[in-house]
There are 2 protein chains.
Amino acid sequence: MTRHLPLDRGAGIAIWRQIMEWLKAEIASGAFATGSRLPPESEIADQFGVNRHTVRRAIAELSSEGILRADQGRGTFVATTPLSYPIGTRTRFSDIMSEQNQTPEGRLLGSSLEPADALRAKCLEVPAGTPLIRLETLRIAGGVPVIAGTSWFEERRFPALVSDYAETGSVTKAMARAGVTDYTRKESRVSAALVSEEDAGHLELAPGSPVLLVDSVNVDGFGKPVHCSRSRMASGRMQLVIES
Amino acid sequence: MTRHLPLDRGAGIAIWRQIMEWLKAEIASGAFATGSRLPPESEIADQFGVNRHTVRRAIAELSSEGILRADQGRGTFVATTPLSYPIGTRTRFSDIMSEQNQTPEGRLLGSSLEPADALRAKCLEVPAGTPLIRLETLRIAGGVPVIAGTSWFEERRFPALVSDYAETGSVTKAMARAGVTDYTRKESRVSAALVSEEDAGHLELAPGSPVLLVDSVNVDGFGKPVHCSRSRMASGRMQLVIES
């Protein structure tokens, strides 16, 4: 650690959270590499001018997220490096995770039938009110939840989508069963937000952690939108990679 | 608003901040469009089951960030839509902002000479310890700060970079003066974090707001890295757009 983190008192963010987020950012940036040992709690506490218990709370949260790992008597170690999620025309979760030796899994959290609101109508290029299937999913890599996602599909085009997804755990496979054997990502819009309580539960994140919000539009071979989604990615576990 | 935001008590995030972040996300998603009026404070307070003063604090922060605008007697209105920052091979802040009718500005916040640490050495493909210029900048669009950035350059290659940047307010122009008339972005890695206190000041963000962290590598015509940077983008004001 080369410098102090200036702590904000009165910012509406508890001090332990600020230290936790600082540690997470240092790990994500590579300043603390996977397998390396953290400085002792007392040293971190001195650097921030806080009580050891405050640092302990931050470390406990990161341990519960699987980012740190305590090794009795030896110290606390960095357990993971964020996975990479390359964004391109052919962005397939299963392939991306398999290439990084992570067993991919897609879990159906819920689904509903709803009329297209203005945003979804625009995204899917259908009239407002068109019946859409809304799918709530959780994507897991190597046993760790990494993305909570909401997807919208035109019901007329994908009548069996929910059961196909539940069976295959893959949007790509479910769409292929309806005859859309290929699709490409046309656009992704990326912003940052604090995790919602619901997502925090599914993603096993400390409530209030920052997440990446990715809104994407996928089109079929004719350029017609077939799948619009809003993904929330656990930012300490996954980073987007855009290569040119 | 179609559903309640479940508030997290004991998450280390003040309730007013949670409401503020919810509003920001609704605005970013387009659920509350630019120019539209927010529901009255009392209505939002009822929906969340909180005191009106809590909602007022959230609205005051968003107003100070320029995202909301109070119109005496008429209510509170959504003032802005996030600007788009397309990520591609030729990602030029000035061009991107000009295309969106925003006057771009680059301000020098500070600079230093430092030996390359392991991360920067890897990024710039130079030996560790190589003298680097570290540039701290603030990018402003239409008078509003949108990106705080740290950039690293090899000193030997860009000896006058600091003064050239101070004069031109543009990394592209400063690099051109040293003979690098063209460069392309090779890679961007994107994650989310909470803003640091220092950046919160420069970006005029409420302390603890989520930001997009973008680490990028830029190469010259020979594929040699010439400029590595870490940008922190104010997430309510700017979103990344990746088109395929």
Side-chain angles (χ1 to χ4, degrees), chain A residues 2 5-8 10-18 20-22 24-25 28-31 33 82 84 87-91 117-119 122 184-194 196-198 200 206-213 215 230 233 235-236 238-244, chain B residues 2 5-8 10-18 20-22 24-25 28-31 33 82 84 87-91 117-119 122 184-194 196-198 200 206-213 215 230 233 235-236 238-244:
Chain A
T2 54
L5 177 81
L7 295 171
D8 295 326
I13 313 272
I15 296 298
W16 65 264
R17 276 209 68 87
Q18 295 185 41
M20 170 185 158
E21 294 302 336
W22 174 82
K24 220 189 241 185
S29 76
S84 294
I87 294 258
T89 352
R90 218 156 294 262
T91 294
D117 61 14
L119 275 176
K122 192 178 161 207
T184 51
R185 188 178 290 215
K186 188 182 155 204
E187 186 187 89
S188 305
R189 291 189 168 259
V190 182
S191 57
L194 297 185
S196 70
E197 183 175 5
E198 203 176 354
S209 299
V211 289
L212 279 173
L213 280 187
D215 287 298
R230 159 158 278 208
M233 299 192 178
S235 73
M238 186 82 103
Q239 60 185 338
L240 296 180
V241 179
I242 305 136
E243 298 201 31
S244 320
Chain B
T2 54
L5 177 82
L7 294 172
D8 295 326
I13 313 271
I15 297 298
W16 65 264
R17 275 211 68 88
Q18 296 185 42
M20 171 186 160
E21 293 302 335
W22 175 82
K24 218 187 242 186
S29 77
S84 294
I87 294 258
T89 351
R90 219 157 294 259
T91 294
D117 61 12
L119 275 175
K122 192 179 162 205
T184 51
R185 189 178 290 215
K186 188 182 155 203
E187 186 187 270
S188 305
R189 291 189 168 261
V190 183
S191 57
L194 297 185
S196 70
E197 183 177 5
E198 203 177 354
S209 299
V211 289
L212 280 173
L213 279 188
D215 287 298
R230 160 158 279 208
M233 300 193 177
S235 72
M238 187 82 105
Q239 59 184 338
L240 296 180
V241 178
I242 304 135
E243 297 199 31
S244 321

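Each chain gets a letter, A, B and so on, in the order the sequences are listed, and its residues count up from 1.
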Closest heavy-atom pair and its distance - B/S191, A/S235: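 Answer, listing the atom of B/S191 first, then A/S235: CB-O, 4.4 Å.
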
What pair of heavy atoms forms the shortest contact from A/L212 to B/V190, and how long is it?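 What the structure gives for the nearest pair is CD1-O, 3.5 Å.
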
Less than 4.5 Å to any heavy atom of chain A: does that hold for the side chain of B/Q239, its backbone, both, or neither?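 The answer is both parts of B/Q239.
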
Heavy-atom distances under 4.5 Å only: say whether A/E21 touches chain B with side chain, backbone, both or neither.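 A/E21 touches chain B through side-chain heavy atoms alone.
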
Using non-hydrogen atoms and a 4.5 Å limit, figure out which bit of A/L119 sits close to chain B: side chain, backbone, both or neither. side chain

Pick whichever of B/A200, B/A14, B/S209, B/S188 has the most heavy-atom pairs under 4.5 Å with chain A.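 The residue among B/A200, B/A14, B/S209, B/S188 with the greatest pair count is B/S188.
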
If you count heavy-atom pairs under 4.5 Å between each of B/M20, B/R17, B/R185 and chain A, which one has the most?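 Max contact count across the listed options: B/R17.
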
When rounded to the nearest 0.5 Å, the distance separating CD1 of A/I242 from CG of B/L240 is 6.0 Å

Out of A/K186, A/M238, A/M233, return the one with the most heavy atom pairs under 4.5 angstrom to chain B.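 Winner by heavy-atom pair count: A/K186.
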
Checking side chain to side chain contact (heavy atoms under 4.5 Å, CB included) for the pair B/V241/A/E187: CA distance, chi angles, key distance, verdict? CA-CA 7 Å; B/V241 178; A/E187 186 187 89; 4.1 Å; yes

Under the side chain to side chain contact (heavy atoms under 4.5 Å, CB included) criterion, do B/S84 and A/R189 qualify, and how do the steps go? CA-CA 9 Å; B/S84 294; A/R189 291 189 168 259; 3.1 Å; yes

